[in-house]
Amino acid sequence: MEKAFVIAVDGPGGAGKGELTKRLAKEFGFTLLDSGAIYRVLAYAARQAGLAMFDEDSLVQEANVLSLSFKVEDDGVHVLLGKEDVTKAIRTEENGINASKVAAHPLVRTALLERQRAFRQEPGLVADGRDMGTVVFPDAQVKIFLDASPEVRATRRQKQLEAAGKEADYEQILKEITERDERDRNRPVAPLKPAEDALLLDSTNMSIEEVFETACQYIRTKM
Ligand code: C5P
């Protein structure tokens, strides 16, 4: 039996995956999996439990008992850790850095694999992450790798922060983005890289509308 349709969207932070996958899920009526949120919740829970981000065994234990759920509300998808709404708390830069440290441990990634695959259900799934097309859903019907230059990604992030009324230093953001990329691209297991059969989209000089239209046209050729 043909497995449920998966649109795997991978790429570095700030390339526009979040906005693209949200629009694609709406367009095709598919469920959305934000896999980065899972690593972020694990990092947040680990921090609260006083664990060190290098302590792989304890992180695996935490991953195995992690009570994580997504809830669709009027204002978007909310992320819950137990009963606590951690949607905002997991989005800090510090927690993002911790998430990428947690995500570098091979056994932590294995512990989270089935949890991610369980999202593959009819009518279909849009999966947002770093290894959706390479590791989690290697047989996805559509794979897209969305990239953009670090400078453009830093500028977008700066604008997002400023719009949220937060302080945003461009040089600092660029440094953090570059360091996180480095860790994500160079880890031994599931490094950030395009699947061989992925459509490469460089959004450096594209608007979100152009990215969305290009992706939709490509996806329709695969349906
Ligand atoms: O996408 P987001 O910035 O929320 O992801 C946070 C971190 O989680 C990333 O920097 C990356 O290290 C890790 N991650 C991952 N694999 C995924 C999704 C996220 O390793 N599929």
Side-chain angles (χ1 to χ4, degrees), residues 6-22 24-25 32-47 53-54 56 59-60 62-63 66 68 70 76-79 81 86-120 125-138 140 143-148 150 153-154 156-158 160-161 164 173-195 198 203:
V6 172
I7 303 170
V9 182
D10 292 305
K17 284 176 295 150
E19 187 59 34
L20 173 64
T21 52
K22 215 185 320 167
L24 289 177
L32 175 60
L33 167 63
D34 172 5
S35 62
I38 299 179
Y39 289 96
R40 284 175 180 267
V41 170
L42 178 58
Y44 179 84
R47 190 69 202 257
M53 301 302 146
F54 56 77
E56 186 168 22
L59 291 169
V60 168
E62 189 73 33
L66 196 66
L68 158 76
F70 294 99
V77 179
H78 283 240
V79 189
L81 170 60
V86 294
T87 316
K88 283 218 176 90
I90 60 167
R91 296 280 152 212
T92 63
E93 292 303 312
E94 190 201 352
N95 195 59
I97 293 166
N98 283 340
S100 88
K101 290 182 182 165
V102 162
H105 298 298
L107 296 178
V108 169
R109 304 195 71 86
T110 308
L112 295 174
L113 211 46
E114 287 315 314
R115 212 183 261 264
Q116 297 174 78
R117 289 186 175 148
F119 282 86
R120 185 174 201 169
L125 177 70
V126 181
D128 168 340
R130 304 289 190 286
D131 61 343
M132 298 296 102
T134 50
V135 177
V136 182
F137 304 109
K143 298 178 187 178
I144 295 172
F145 191 88
L146 186 62
D147 211 340
R153 289 188 281 129
R156 288 179 188 161
R157 181 78 191 132
Q158 183 186 25
Q160 270 176 359
L161 287 169
I173 296 169
L174 183 60
K175 184 169 164 275
E176 283 170 4
I177 281 186
T178 315
E179 280 172 9
R180 189 132 72 94
D181 278 3
E182 188 89 341
R183 196 160 36 235
D184 289 350
R185 288 183 205 270
N186 295 318
R187 65 185 174 214
V189 170
L192 172 65
K193 65 160 192 228
S203 76

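Hydrogens, waters and symmetry mates play no part in the numbers below; they use all other heavy atoms, side chains included. First listed ligand is number 1; within each ligand, the first listed atom is number 1.
- For the pair A25 and L32, the tightest heavy-atom approach, listed with the atom from each and the gap, is CB-CB, 4.1 Å.
- A donor atom on one side chain and an acceptor atom on the other are found under 3.5 Å apart for S203 and R156.
- The 4.0 Å heavy-atom shell around ligand 1 contains residues S35, G36, Y39, R40, R91, A99, S100, A103, R109, G129, R130, D131, M132, R180, D184, R187, ordered by chain and number.
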What donor-acceptor contacts under 3.5 angstrom involve side-chain atoms of residues 9-20, with partners at least two apart or in another chain?
from, atom 1, to, atom 2, distance (Å)
D10, OD1, R130, N, 3.1
D10, OD1, D131, N, 3.1
D10, OD1, M132, N, 2.8
D10, OD2, M132, N, 3.2
D10, OD2, G133, N, 2.8
K17, NZ, G11, O, 3.0
K17, NZ, G129, O, 3.4
E19, OE2, R23, NE, 3.1

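- Taking all atoms of both residues into account, the shortest heavy-atom contact from Y39 to Q116 is OH-NE2, 3.9 Å.
- Within the model, atoms CZ of F119 and CZ of F70 stand 5.0 Å from one another, a figure rounded to the nearest 0.5 Å.
- Under a 4.0 Å N-O distance rule, the pair E176/R157 does not qualify as a salt bridge.
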